[in-house]
Each structure stands twice: as C-alpha cells, then as structure tokens.
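Down below is the structure, laid out as structure tokens.
What you are looking at is a predicted structure, and each value in this text was computed from that prediction instead of being measured.
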Amino acid sequence: MITEFHSVIRSTPDSAARGSYYSTDNMPLSTSGYSNMETNAPYRNPEYSSSQWLEKQQSSSRRSKFIVIGSIVTVLVLIAVGVAVGVVVSKNNSSNKSSSSSSSSDTSGAVKPTDPSDPSTFVKNDKLKHSFYGLAYTPSGSQMPACGNSLDAVIEDIQLLSQLTSRIRLYGADCNQTALVLDAISRTKVNMTVYLGNYNIPTDSAPYERQRDAIMDAIKTYGADHVAGVTVGNEYMLNFLTGQGAEDPNSAIGNAGAQLLIPNITDTRNALTALSLDKTIPVGTADAGSFFNNEVLAAVDYGMSNVHPWFANVSIDQAADWTNQFFQENNVIVANSLPNKPQMFIAETGWPTKSSDAGNASNGPSTASVENLQKFLDTFVCQANQNGTGYFYFEYFDEQWKDDQFGGVEGWWGLFNKDKTLKDITIPDCLID
C-alpha cells in the first residue's frame with residue numbers, strides 16, 4: 001500500500017500508503033488505483049485466495065504457505081529530487097525547537113486543553129482505550145516538497161495517540177518530522193516511544209543521507225529516551241526487485257539489492273554509536289511481508305513486516321487469523337532461524353473503511369466499510385495482544401492527500417477521520433502497556 005510518508009506507505013498504507021508508491025522526496029510516483037489489482041501475478045494464483053487458505057486451515061494435516069505482496073505495485077519510477085530541507089534545531093533556543101511553522105489554527109479541536117499553555121494537560125476521550133501495541137503514524141503535511149506540518153498539529157496527534165498506545169512508528173525523516181514528534185512527546189509528557197524512519201532508495205544516496213542527518217540532529221537535541229529504534233528502508237527490497245523484474249528476495253538479484261541496503265543500515269548504526277548515547281538504539285528495516293532478504297535480516301536488530309489481508313483478497317471473517325498465520329510462518333519462523341534472531345513486528349495491518357470509486361470498494365470476498373473495520377479490530381487487536389505479537393496498526397487517521405493522488409481505498413485506513421474525529425467504531429477493551 002501507499003505509506004504514510006514520506007519520503008513515505010503503506011506508510012505506506014505511511015504505512016497506508018505503501019512505500020512502493022513514493023519517491024525519496026515523499027511525492028507519489030504513480031496515480032494508478034487498484035482497478036488493475038487482479039493483473040498482479042501473486043494475487044492471480046489460487047494459492048493466495050481466501051477460500052484456498054480456509055481449506056488449508058481446516059485441514060489438520062497441512063500448513064498454509066503464503067507469498068503476499070504487502071503493497072500494490074503498478075509502475076515503479078524512481079525520481080530523485082534535489083531538495084535541500086534544512087532541519088534547524090538548537091538546544092540554546094527553546095522557542096525555536098521545531099523548524100516547521102506552529103500555529104493554533106493547525107489544530108482540529110479534537111483535544112480539549114486543561115491549561116492551554118501546557119500541552120501535558122488535556123482532557124482524555126473516554127471513547128479511547130490504551131489497547132494497541134503500536135500505531136503507524138505520519139504527521140499531516142510531511143510530504144516533500146510542500147512540508148506543511150506543524151508542531152501544534154503534531155502535539156494534538158500525540159495527545160490522541162497516547163490514549164491508544166505507547167508506541168508509534170514513522171516512515172521517514174523529511175519535513176522535520178523526527179524533531180516535531182520528539183518535541184511533541186517531550187512537551188506533552190506522555191508515555192510514548194517512537195521508531196524513527198529513514199526512507200531510502202536504491203538509486204540515490206542523497207535522500208538517505210539527508211534523513212540520517214535529520215534523525216541524528218533531532219536525537220542530539222531531544223535525546224534518545226523516547227527513541228525505540230531507527231528503521232532504515234520501507235519496502236526497499238520490494239521496490240528494488242520490482243524495478244529489476246524479479247520477485248525472489250533471496251535470489252542473486254535480491255542479494256544484490258541487499259548489498260545496497262545493508263551499507264545504509266551499517267552507517268546508521270555507526271552514526272548512532274558516534275553520538276555516545278547512554279543506551280544502544282536498535283536498527284531495523286521494514287518491508288512487504290514476503291520480501292525480506294535473509295542477508296538484510298542478518299544485519300538488523302528487528303524487522304517490520306507489512307501484512308494486509310485486504311490486498312491478499314482475504315475475507316474479513318478470516319482476516320485476523322490469516323494475518324497472524326502469515327506473519328508467523330513467513331516472518332517470525334524465518335527470523336528465528338537466523339543466528340542473530342532479529343525481533344519481528346507487523347509494521348502495518350488494518351482494514352479500509354471506504355473507497356472513492358466503486359471499482360475498488362471490494363477485495364473480492366469483503367468490502368471496505370466501517371462495519372468491517374470494526375470486525376477486524378474485534379478479532380485482531382486483543383488476539384494479538386494476548387499472543388504477544390508486536391504490531392503497528394495501520395493507521396491513525398485518514399489522509400486526504402492519498403485519496404487525491406491515488407483514489408480507491410488508499411485514503412481511508414484511519415481509526416480517525418481526517419479531522420481527527422473517531423470513526424463510528426468501538427475501540428477494543430484489552431489494555432496493554
């Protein structure tokens with residue numbers, strides 16, 4: 001899917017939006033929707049259909065094996081735009097902690113302050129429950145070159161997100177989003193950690209270097225207390241293989257892509273070490289569920305996997321169980337077979353609530369609807385909490401720019417509407433730290 005970001009999918013369906021749709025500068029590369037989904041070879045194979053999966057699930061003598069592309073890839077065009085975005089942060093000037101503009105007009109009014117001068121005092125929403133392991137998030141206006149995000153809007157986001165989870169993940173670092181998020185967490189004084197992101201591409205080192213420097217500058221300014229990890233790459237291997245006309249992440253072509261990604265991972269680790277922090281920040285990568293390269297996994301501390309039952313044409317009634325089984329068989333087991341045993345998370349999973357056109361309103365067996373979002377929440381969230389799965393629900397709120405650019409379901413994956421009002425859903429009641 002399209003990810004949230006970016007430089008970001010899925011952030012992509014941020015994380016929605018899928019990283020495969022974006023350039024390094026966070027601008028989408030394709031305006032194609034999902035009407036051609038069925039032309040994608042992995043989805044044509046009966047092995048990937050929900051009915052076939054259910055048949056295998058019902059047979060105790062056989063295990064299901066899935067290969068799923070976590071994002072719909074239409075045309076891969078990589079464009080490098082040389083836009084210099086300065087992230088200016090200063091320890092000595094607290095009034096200018098964040099370089100993006102900040103104005104009370106940027107807030108939606110979704111959070112009522114107790115003391116308007118103190119972001120740590122705000123009225124909690126009794127409809128929200130702290131039941132999510134994590135949430136996928138990209139601040140609104142974090143797409144280059146416009147960069148229209150603001151500190152006030154991010155503070156409001158963190159106030160809402162903190163009532164649902166103690167963990168969020170970002171997709172990239174452009175438009176000063178790393179500094180904005182860390183600043184907002186500091187000002188709100190909430191219990192929140194963040195997996196920072198660097199959305200790099202195979203064809204140009206400049207986006208990686210720009211985001212790396214922004215991340216390091218933000219950590220220097222705000223510290224590492226709320227940093228849980230740094231994720232290098234979002235569907236990097238999926239995009240690389242697609243560009244080469246290949247599908248196997250562990251083929252010779254896949255290994256060639258790994259040798260382009262691993263130096264960025266190593267460089268990030270070295271840059272963090274050079275900060276002489278009082279803790280070691282893990283470094284990982286995120287990719288589509290069936291596109292992890294073993295050499296890359298051997299080089300990271302953690303992996304984040306996009307696992308979307310919607311794009312695998314799975315019925316809503318089977319979506320939660322399918323998501324867990326796919327993740328365990330294709331990601332967890334593989335990671336545990338490697339010497340370093342990287343920790344695996346679900347980077348994105350969720351269900352869309354509508355489509356902007358009738359042609360994409362159904363994935364075959366089920367439709368995009370608020371009712372089906374509720375079903376997925378009810379069957380996935382508490383189950384995942386109980387079995388110890390680390391996941392980042394996709395996603396926080398609907399994003400208008402995705403709908404404008406891609407149509408279909410891309411803009412409609414949020415728990416909240418774009419104005420930050422909660423959709424007509426009930427948050428599951430299974431509290432988690």
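No side-chain donor from either of Q383 and N387 sits under 3.5 Å from a side-chain acceptor of the other. One side chain, S142 or N149, offers a donor N or O that lies under 3.5 Å from an acceptor on the other. D321 and Q325 share no side-chain donor-acceptor pair at under 3.5 Å. Looking at S366 and N372, their side chains never bring a donor and an acceptor atom within 3.5 Å of each other.
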Report, one line per pair, each donor and acceptor closer than 3.5 Å where one atom sits in a side chain of residues 223-231; sequence neighbours left out.
{"unit_1": "H226", "atom_1": "ND1", "unit_2": "M192", "atom_2": "O", "d": "2.8"}
{"unit_1": "T231", "atom_1": "OG1", "unit_2": "Y302", "atom_2": "OH", "d": "2.7"}

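Under the 3.5 Å distance criterion, the side-chain polar atoms of E156 are left unmatched by any main-chain donor or acceptor of A153. One N or O on the side chain of N125 and one on the backbone of K127 form a donor-acceptor pair closer than 3.5 Å. Side-chain atoms of N363 come within 3.5 Å of backbone N or O of V314 as a donor-acceptor pair. Using a distance-only test at 3.5 Å, with no hydrogens or angles considered, no donor-acceptor pair links the side chain of D204 to the main chain of P207. Remark: the backbone N or O of A361 is not paired with any side-chain donor or acceptor of T367 at under 3.5 angstrom. The backbone N or O of N417 lies less than 3.5 Å from no partner atom in the side chain of K420, so there is not a single donor-acceptor pair. Remark: the backbone N or O of E235 is paired with a side-chain donor or acceptor of N239 at under 3.5 angstrom. Although no hydrogens or angles enter the test, the distance criterion places a donor-acceptor pair under 3.5 Å between the side chain of D398 and the main chain of W413.
What you find for A184 and V154 is that their closest heavy atoms are CB-CG1, 3.7 Å. Considering every non-hydrogen atom in both I215 and G197, the closest pair reads CD1-O, 3.5 Å.
Qualifying ring-ring contact (aromatic ring centres under 6.0 Å, His included) partners for Y208, counting only residues two or more places apart in sequence or in other chains: none.
Note that CG of L182 and CG of L196 are 5.5 Å apart. Values are rounded to the nearest 0.5 Å.
The aromatic rings of W310 and W351 sit perpendicular, their planes meeting at an angle over 60°, well past the 30° parallel limit.
For the ring-ring contact (aromatic ring centres under 6.0 Å, His included) with F345, the lone residue among F327, Y393, Y391, Y195 that qualifies is Y195.
A cation-pi contact, defined as under 6.0 Å to the ring centre and within 45° of the axis, links R167 to Y133. Both the sub-6.0 Å distance and the 45° axial angle are not jointly satisfied by K418 relative to the ring of F416.
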